[in-house]
Participant: 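One structure follows; several queries about it will come next.
Read the numbers this way: they start at 1 and go in the same order the structure lists the ligands and their atoms. All residue numbers refer to positions in the sequence shown, counting from 1.
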Amino acid sequence: MFQKILIANRGEIALRIQRACRELGISTVAVHSTADAEAMHVRLSDESVCIGPPPAKDSYLNIPAILSAASITGADAIHPGYGFLSENASFADMVDAHGLTFIGPSAEHIGMMGDKIAAKTAMAAVGVPLVPGSDGELPDLETARETAARIGYPVLIKAAAGGGGRGMKVARDPSEIEDAFRLARTESRTAFGNDAVYMEKYLDKPRHIELQIMADNHGNVVHFGERDCSLQRRHQKVLEEAGSPAISAVQRDALGETATAALRKLGYRNAGTLEFLYQDGQFAFIEMNTRLQVEHPVTEMLCDVDLVREQIRVASGARLGYEQRDVTFTGHAIECRITAEDPVTFVPTPGRVTAYHAPGGLGVRIDSALYAGYFVPPFYDSLIAKLIVHAPTREAAINRLRRALDEFAVVGIKTTIALHQRIVNDPEFQAGDYTIHWLEKFVARG
Ligand code: ADP
């Protein structure tokens, strides 16, 4: 087992990883930008190293500074969290080349899944069903037109290097294809430095269902069930549930069997998530995330598992030590992503938190690095807290979530707590009756 882990991240996820390390008796190294010198992840770690100025490209994405911090402090592994360097294959390679362990999959798998065209090809080859679409990259407008005519409008043009919902354009009919193709390419080039795009059928009423996987280095793969992440704004998740109100235990088992068999064939290791769109009783793969995800706590509550601990254990070479039949699913869990944003306009609201009171009680979990007096810096993602509830039934979880949101006080800046309060009180949400398009309409209704 590792003695010391450097956590190449900030905020709630850096704290989350520290907690798992502590419980395993592993000491921690925090890295931080000058803007984060007072941050909770720095205060609570055993050691910390300043790695640069506020912009992420000079600090949390600064590979030489992070590797130097690991070497100076004698860390033997690096946990990348999510975002930042977590899906950077060459970073994973460099960590290995420095004799350290990257807590995640191999650089080869990160690279493969980071290219969404390659990911779809690889998954199709091991028996995973896909959203109908182009045969790989769309080289030109003519191919885009032909493909759209073949699969039928509406279609979605997506960036091969995509992430965060960027580089995605819908064409509802042939008159929109040219603009969609050019805009997707331009946006993709600007955001990712790569203008390769591909096409998928645009589904009109899918749910976003994803499956949590964990694999060791010895060929053992299990799944921890699905999360329903259909509540999205601009293709970004806002609230997640485990299990999905739309999926039966039989469907979960079948999807899990397909996915674990596929990853066993690919020789995948560590944590991963397969994302699917689910419509008319069919699952269709869209992409794989080769890292821990923001919404992992709902799975942890449902399955009573510490996924970060599992990531660390398997990265150290340990065997999973349990099989699929040992994984249990109890009750229902819901997570709200609370951001420093105006709950109506979604404009970011960095600034000083003057008072802070987190909810508590049975079945309530807060993953957050906030404290009274903290200044939310303007440089990073606006996620400031995750509120997770767990209860025996979905209805009880919703009641628990409502009362926890009512207890939650973040004073000094606007947050999206008020948006979550509206969602929780909505009858359609309460009925579990929603698709990926529901939240945009709900927000527009005001
Ligand atoms: P990113 O990596 O940018 O997050 P994804 O491929 O994961 O992109 O898609 C993000 C979201 O966009 C999905 O959760 C879904 O809401 C929507 N989406 C993606 N593909 C389709 C599609 N073919 N039809 C309809 N919606 C889609």
Side-chain angles (χ1 to χ4, degrees), residues 82-83 86-88 110-124 128-134 137-138 144 147-148 150-172 176-177 180-181 183-185 187-192 194-212 226-241 244 246 272-280 282-291 293-295 337 381 383 434-443:
Y82 55 68
S86 61
E87 290 174 296
N88 183 319
I110 297 173
M112 174 192 286
M113 300 305 169
D115 175 343
K116 294 178 164 197
I117 295 174
K120 289 184 78 168
T121 309
M123 285 297 175
V128 177
L130 308 182
V131 177
S134 57
E137 187 184 341
L138 293 173
T147 311
R150 174 169 60 80
I151 63 177
Y153 285 90
V155 297
L156 187 61
I157 304 198
K158 300 173 81 171
R166 282 174 301 174
M168 242 186 261
K169 297 289 162 211
V170 183
R172 301 203 170 268
E176 294 184 353
I177 192 81
F181 179 72
L183 281 171
R185 273 201 140 169
E187 201 171 302
S188 165
R189 192 182 313 119
T190 316
F192 313 110
N194 171 350
D195 67 1
V197 296
Y198 62 106
M199 185 183 289
E200 276 176 3
K201 175 104 187 137
Y202 182 69
L203 302 182
D204 59 347
K205 49 178 182 13
R207 299 180 82 109
H208 173 117
I209 305 285
E210 58 184 35
L211 198 79
Q212 177 68 54
E226 83 285 2
R227 294 183 283 260
D228 194 320
C229 309
S230 302
L231 291 195
Q232 303 181 354
R233 186 179 160 270
R234 304 208 167 150
H235 307 301
Q236 298 272 51
K237 298 162 190 166
V238 172
L239 179 151
E240 305 95 351
E241 312 193 44
S244 168
T273 298
L274 280 85
E275 297 192 334
F276 298 88
L277 295 179
Y278 174 73
Q279 182 171 312
D280 303 326
Q282 304 288 324
F283 290 98
F285 172 82
I286 47 172
E287 69 160 341
M288 177 164 186
N289 290 312
T290 52
R291 55 171 165 81
Q293 287 194 280
V294 176
E295 60 273 23
R337 295 191 187 196
D381 191 274
L383 183 72
Y434 56 78
T435 71
I436 60 164
H437 305 300
W438 185 85
L439 187 64
E440 297 274 5
K441 288 185 201 133
F442 178 79
V443 167

Participant: If the threshold is 4.0 Å, N to carboxylate O, is there a salt bridge linking E210 and K237?
Facilitator: yes
Participant: Please find out if less than 6.0 Å separates the ring center of H208 from that of F283.
Facilitator: no
Participant: Can you give me the closest heavy-atom contact between A159 and F192, atom names plus distance?
Facilitator: CB-CE1, 4.0 Å
Participant: Can you list the atoms of ligand 1 that are under 4.0 Å from a heavy atom of Y202?
Facilitator: 24 (N), 25 (C), 26 (N)
Participant: Does NZ or CZ of R207 fall inside the cone over Y434's six-membered ring, less than 6.0 Å from its centre and within 45° of the axis?
Facilitator: yes
Participant: Which ligand 1 atoms are under 4.0 Å away from a heavy-atom of L156?
Facilitator: 19 (C), 20 (N), 21 (C), 22 (C), 23 (N), 27 (C)
Participant: Atoms of ligand 1 less than 4.0 Å from E287 heavy atoms?
Facilitator: 1 (P), 2 (O), 4 (O), 5 (P), 7 (O), 8 (O)
Participant: Could you list which atoms of ligand 1 come closer than 4.0 Å to a heavy atom of K158?
Facilitator: 6 (O), 19 (C), 20 (N)
Participant: Could you see which bit of E275 sits under 4.0 Å from ligand 1, with heavy atoms only: side chain, backbone, both or neither?
Facilitator: side chain
Participant: Which ligand 1 atoms, with their elements, are less than 4.0 angstrom from a heavy-atom of M168?
Facilitator: 3 (O), 8 (O), 9 (O), 10 (C), 12 (O)
Participant: By number and element, which atoms of ligand 1 are closer than 4.0 Å to a non-hydrogen atom of L203?
Facilitator: 24 (N), 25 (C)
Participant: Need the ligand 1 atom indices (1-based, order shown) with element for anything under 4.0 Å from a heavy-atom of G165.
Facilitator: 1 (P), 3 (O), 4 (O)
Participant: Between E87 and R291, is the closest basic N to carboxylate O distance under 4.0 Å?
Facilitator: yes
